[in-house]
Amino acid sequence: QLQLQESGPGLVKPSETLSLTCSVTGGFIIDATTFWGWIRQSPGKGLEWIGSIHYSGTTYDNPSLKGRVTLSLGTSMIHFSLKLTSVTAADTAVYYCARLRNTISGGMTQTHYYMDVWGKGTTVTVSS
Amino acid sequence: QSVLTQPPSVSGAPGQRVTLSCTGSSSNIGAGYDVHWYQQVPGTAPKVLIYGNTNRPSGVPDRFSGSKSGTSASLAISGLQGEDEADYYCQSYDSSLSVYVFGTGTKVTVL
């Protein structure tokens with residue numbers, strides 16, 4: 001059974017870079033139509049999609065984060081990572097990693113993806 | 001950026017049927033993009049209940065059903081049970097923002 005687990009520092013200073021890793025067990029990152037993504041949840045803004053990555057290296061990220069997002073895959077293909085630069089207090093949230101699946105079997109149209117497996121989440125606080 | 005609007009709360013007695021709404025616009029639900037629904041028990045991660053407007057993943061009781069019409073979607077919970085107390089979120093894609101968007105969330109209370 002596929003399981004995801006987020007890891008990384010729980011406290012990041014303002015203007016620094018938030019770095020998180022999602023470990024994938026019980027399944028494979030290398031899948032033709034699957035994307036792997038990050039979603040965050042804060043009291044003020046609810047659930048917010050941050051970005052997604054395919055095993056080929058194709059990435060999509062939320063334009064509202066103004067280019068601060070970098071997504072990458074581990075060389076062993078058993079984890080993927082998020083870096084968010086120049087953080088502020090507004091980036092304080094619970095961060096989840098998730099597997100994204102397409103509602104159309106074999107499809108890769110971005111408009112048809114949903115999050116079918118989630119990690120438990122990790123709380124990140126931005127504060128000096 | 002919650003561009004999908006949901007009522008803040010819905011309540012019902014055990015055994016009743018409740019319906020949760022999710023209202024979008026012509027750039028998301030109205031554009032024909034699928035709507036998906038998630039259940040989140042406080043302190044835990046969201047869990048998918050409905051995907052592709054009407055489909056239930058294996059293991060989700062058939063008490064949960066989804067529908068979509070125009071710029072809105074609905075999640076119905078029949079035979080309400082105490083374990084259904086949770087927050088529920090809809091999700092779709094928005095073409096004007098080029099992002100996956102979530103609803104504002106509805107808290108379901110079982111009286």
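A note on names: the letters A, B, ... follow the listed sequences, proteins ahead of strands, and every chain is numbered from 1.
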State plainly whether one hydrophobic cluster holds both [X] and [Y], where clusters connect Ile, Leu, Val, Met, Phe, Trp and Tyr through side-chain heavy atoms under 4.5 angstrom apart.
X: B:V3; Y: A:I50; answer: no
X: A:F80; Y: A:I30; answer: yes
X: A:Y60; Y: B:F102; answer: yes
X: A:L100; Y: A:Y55; answer: no
X: B:V41; Y: B:V60; answer: no

Residue pair [X] / [Y]: nearest heavy atoms and the distance that separates them:
X: A:L47; Y: B:Y89; result: CD1-CG, 3.6 Å
X: A:Q110; Y: B:Y93; result: O-CD1, 4.2 Å
X: B:S98; Y: A:P63; result: O-CD, 4.1 Å
X: B:H36; Y: A:Y113; result: NE2-O, 3.5 Å

Within 6.0 angstrom of B:R63 CZ, more than 12 heavy atoms from elsewhere: yes

Chain A contacts, top residue of B:S92, B:P46, B:S95 (heavy-atom pairs, under 4.5 Å): B:P46

Largest heavy-atom contact set with chain A, pairs under 4.5 Å, which of B:N55, B:D34, B:N28: B:D34

Measuring heavy-atom distances to chain B, does [X] have an atom under 4.5 Å in its side chain, in its backbone, in both, or in neither?
X: A:Y114; answer: both
X: A:Q41; answer: side chain
X: A:S52; answer: side chain
X: A:I39; answer: side chain

Interatomic distance, A:M115 atom CE to B:Y38 atom OH [nearest 0.5 angstrom]: 5.0 Å

A:W118 side, atom CH2; B:T44 side, atom OG1 - distance, nearest 0.5 Å: 10.5 Å

Chain A contact via B:T104 - which portion, at a heavy-atom distance below 4.5 Å: neither

Side chain / backbone / both / neither for B:P57 at chain A, heavy atoms under 4.5 Å: neither

